[in-house]
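Below is one structure; the comments refer to it alone.
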Protein chains: 2
Amino acid sequence: MTVTIYDVAREAGVSMATVSRVVNNNPNVKPQTRKKVFEAIERLGYRPNAVARGLASKKTTTVGVVIPDISNSIFAEVARGIEDIANMYHYNIILCNADKKKEKEIRVVNTLLEKQVDGLLFMGGTVTAEHIQAFKTASVPVVLCATTDDQEQFPSVDIDHERAAFDAVQALLDMGHQEIAMICGNLNDPSNGLARYQGYKGAMENAGLSVKEQYVRAGNYRYESGMEVMEHFIGLSPRPTAVFAATDEMAIGAIHKIQDHGLKVPEDIAVMSVDNTRMASMVRPQLAAVAQPMYDIGAVSMRLLTKLMKNESVENMKVILPHELVMRNSVSAK
Amino acid sequence: MTVTIYDVAREAGVSMATVSRVVNNNPNVKPQTRKKVFEAIERLGYRPNAVARGLASKKTTTVGVVIPDISNSIFAEVARGIEDIANMYHYNIILCNADKKKEKEIRVVNTLLEKQVDGLLFMGGTVTAEHIQAFKTASVPVVLCATTDDQEQFPSVDIDHERAAFDAVQALLDMGHQEIAMICGNLNDPSNGLARYQGYKGAMENAGLSVKEQYVRAGNYRYESGMEVMEHFIGLSPRPTAVFAATDEMAIGAIHKIQDHGLKVPEDIAVMSVDNTRMASMVRPQLAAVAQPMYDIGAVSMRLLTKLMKNESVENMKVILPHELVMRNSVSAK
DNA sequence: CTGTTAGCGCATTCAT
DNA sequence: ATGAATGCGCTAACAG
């Protein structure tokens with residue numbers, strides 16, 4: 001039925017070891033024999049069985065990727081970065097959505113480990129003790145991607161979310177805004193939620209301003225929730241002159257809600273966010289934002305993983321990628 | 001080092017066959033022994049090796065997914081549908097971006113086949129003879145996803161792109177528009193490009209209108225290209241009263257370009273598209289579109305693949321999912 | 001440069 | 001209900 005290395009060996013009149021050498025580009029084969037083997041391979045339509053190879057060599061050239069949700073463009077961008085670099089180093093990726101649910105995350109990690117992946121890229125919510133427990137049973141490297149663990153036990157690649165938020169709010173302050181509200185995320189979410197809120201708070205306090213409770217309201221990262229929170233802010237007095245949103249989508253919701261009230265962005269209320277997805281330049285006015293280099297986070301974390309898998313020495317196990325302020329028309333001086 | 005089924009057998013005082021039965025939920029095991037084995041597994045921290053299992057059983061519970069670009073939200077949505085259903089049937093997916101490049105597509109298909117996937121989901125550009133050639137060397141089922149082959153040799157799941165475009169343009173016609181321009185895609189791209197153009201053409205001709213050459217212009221599916229093409233249309237006289245775009249992004253670009261010229265959507269020019277991504281409701285005015293059920297295309301194609309992998313009988317190998325007209329404020333009667 | 005020999009960890013007959 | 005034996009297709013020493 002299926003043609004094996006043994007069939008090729010017989011067809012070419014050599015041993016299976018030689019065929020294996022040819023297939024694996026081992027230089028210790030006479031060009032002539034190599035040619036004979038290639039011809040036999042061609043004639044028989046031989047295709048190496050990566051599973052058998054994996055069992056024998058204990059390497060699968062496959063890495064596991066745990067991601068919250070591939071249909072979220074932020075993560076999809078990261079995934080593309082991961083896959084491009086994986087591809088470059090001849091790895092394939094098994095992708096698992098885990099929706100930031102602890103139980104599901106741990107389950108897929110175990111499945112991936114059963115499948116003998118050569119390494120694991122983890123992108124999730126909070127890294128709990130149970131996660132760490134699961135990672136430790138792995139005999140392969142694990143790197144956290146756009147995710148960090150408090151104890152910093154694992155290599156990771158991310159941006160400094162708190163600093164990113166700080167910089168965004170500082171930009172608003174620099175433009176003369178003082179009444180700055182924030183549409184934040186879930187404060188139990190360490191990076192997108194808590195850290196960004198703390199950056200906001202830090203910038204405000206650093207400027208000698210206090211954070212008004214009514215100026216902070218959580219959304220669920222989605223467009224609609226940005227609208228809802230903005231509705232609340234508009235009713236306040238004094239009304240904020242600027243709004244900082246934890247994600248692009250919520251910021252865009254805020255912009256539209258402001259416009260629906262007959263107010264103008266940025267004249268009446270300035271809006272700024274963190275993310276800088278493609279959508280940021282697809283709204284009117286275009287959205288100012290702190291850019292997260294999502295593709296790079298994926299690419300760099302995969303690159304780091306390849307080094308770890310090859311036991312290469314790695315200088316920095318905790319990579320923080322730079323973020324960047326992208327000013328656009330949704331903000332202006334007060 | 002690694003604990004194997006053999007270690008568990010020794011620890012539990014049974015044979016490896018029994019351990020295998022327990023792990024695979026074979027009912028022919030006395031509850032007592034089953035318990036003993038589970039305890040040994042627990043004690044040793046045994047984790048079954050899926051690679052070895054795959055070699056022995058010739059099943060990997062892994063399917064290959066070839067996708068154009070996971071960072072494109074359309075495909076990411078499909079991928080999520082695929083993964084959800086795969087997960088439900090206990091399969092994992094190996095994801096490969098191939099950017100609709102023939103050579104890369106064929107290469108990844110071969111890699112996937114080497115990895116002994118139990119099935120293949122192919123999402124790509126044109127399916128050429130070479131693709132078919134590659135698919136035929138597979139001893140596992142292949143299903144085309146949001147892609148079709150002319151000769152209809154392979155099972156597939158898609159929408160009727162031509163009909164979808166026809167319906168959109170018909171809606172515009174029904175509203176009294178006659179000067180309808182189209183921002184089309186690459187006419188070498190069978191589904192998103194050619195089929196949608198043909199739907200437009202069909203609807204126009206069906207209404208007794210001719211397609212004016214200057215009213216049809218190709219973009220590259222992106223926002224910016226929508227703006228560029230719209231710039232051209234605005235300069236025309238007579239100026240079109242409605243524009244049909246082959247994708248949401250191009251449509252949104254068109255809307256903004258129209259607004260940049262001080263014109264109003266839909267009063268001066270109506271805009272409509274095909275896709276209905278999340279962004280369609282995140283623009284002002286909200287974008288009317290023919291909705292493609294991307295998640296379902298992924299889910300249904302994966303479900304079809306599971307049936308094929310289990311040799312279940314399948315009534316319909318050529319699934320066409322229904323599309324739907326979603327009217328929003330970017331269109332109005334002439 | 002090439003062949004021989006062992007496993008890799010497991011599922012799966014076939015006995016019992 | 002359980003065990004012994006075999007082989008899945010390949011890599012990796014080791015010999016020569």
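Lettering of chains follows the sequences in order, A, B, ..., and the numbering in each one begins at 1. Hydrogens, waters and symmetry mates play no part in the numbers below; they use all other heavy atoms, side chains included.
- Nearest to the side-chain atoms of B:Arg21 among the listed nucleotides C:dG3, D:dT11, C:dC14 stands C:dC14.
- A:Arg303 meets the side-chain hydrogen bond (donor to acceptor under 3.5 Å, both in side chains) test with A:Tyr89, A:Thr306; sequence neighbours excluded.
- Contact annotation for A:Ser57: backbone-only contact, meaning every heavy-atom pair under 4.0 Å involves sugar-phosphate atoms and none involves a base.
- Summarising the geometry, the separation between OH on A:Tyr6 and P on C:dG3 is reported as 12 Å, rounded to the nearest angstrom.
- Checking the phosphate oxygens (OP1, OP2) of D:dG9, a side-chain nitrogen or oxygen of B:Lys58 falls inside 4.0 Å.
- For the residue pair A:Thr62 and B:Lys115, a side-chain donor N or O sits within less than 3.5 Å of a side-chain acceptor on the partner.
- Of the candidates D:dA1, C:dG3, C:dG9, D:dA1 carries the atom nearest the B:Lys30 side chain, counting heavy atoms from C-beta on.
- Between A:Thr2 and the phosphate of D:dG9, there is a side-chain N or O to OP1/OP2 separation shorter than 4.0 Å.
- The side chain of B:Thr18 lies closest to D:dG3 when the candidates are D:dG9, D:dG3, C:dA11.
- Contacts of A:Arg21 classified as side-chain hydrogen bond (donor to acceptor under 3.5 Å, both in side chains), with partners at least two apart in sequence or in another chain: none.
- Using a 4.0 Å cut-off between a side-chain N of Lys or Arg and a carboxylate O of Asp or Glu, B:Asp149 and B:Lys318 qualify as a salt bridge.
- Interface residues of residues 33-55 of chain A facing DNA chain C, ordered by number: A:Thr33, A:Leu55; criterion, heavy-atom separation under 4.0 Å.
- Between the CD1 atom of A:Ile5 and the P atom of C:dT4 there is a distance of 14 Å, rounded to whole Å.
- As a whole-Å value, the separation of A:Lys59 NZ from D:dG9 P is 23 Å.
- Looking at B:Ser301, its side chain never comes within 3.5 Å of a backbone N or O of B:Val157 through a donor-acceptor pair.
- Spacing between atom CG of B:Asp7 and atom P of C:dC8 amounts to 10 Å, rounded to whole angstrom units.
- Rounded to an integer number of Å, the gap from CG of B:Asn26 to P of C:dT12 is 10 Å.
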**Q.** Verdict with reasoning, B:Asp7 to B:Arg43, per salt bridge (charged side-chain N to carboxylate O under 4.0 Å, His left out)
**A.** CA-CA 11 Å; B:Asp7 301 319; B:Arg43 231 175 298 139; over 6 Å; no
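- In this structure a side-chain-to-backbone donor-acceptor pair under 3.5 Å is missing from A:Asp99 to A:Lys101.
- Looking at the side chain of A:Val29, the nearest of the listed nucleotides D:dG3, C:dA11, C:dT2 is C:dT2.
- Atom-to-atom, NZ of B:Lys115 to P of D:dC8 comes out at 23 Å; the value is rounded to the nearest Å.
- Place B:Ala56 and B:Ser15 on DNA chain D by their nearest nucleotides, and B:Ser15 ends up nearer the 5' end.
- A residue-by-residue look at B:Met16 and B:Pro27 shows that B:Pro27 has its nearest nucleotide of DNA chain D further toward the 5' end.
- Taking every side-chain heavy atom of A:Ala17 into account, C:dG3 is the closest of D:dC8, D:dT2, C:dG3.
- Between B:Asn24 and C:dA11, a side-chain N or O to OP1/OP2 separation shorter than 4.0 Å is present.
- Heavy atoms of B:Val19 sit nowhere under 4.0 angstrom from any nucleic acid atom.
- Once rounded to the nearest 0.5 Å, the distance linking CE of B:Met317 with CG of B:Leu304 reads 7.0 Å.
- OP1 and OP2 of C:dC10 both lie 4.0 Å or more from every side-chain N or O belonging to B:Ser20.
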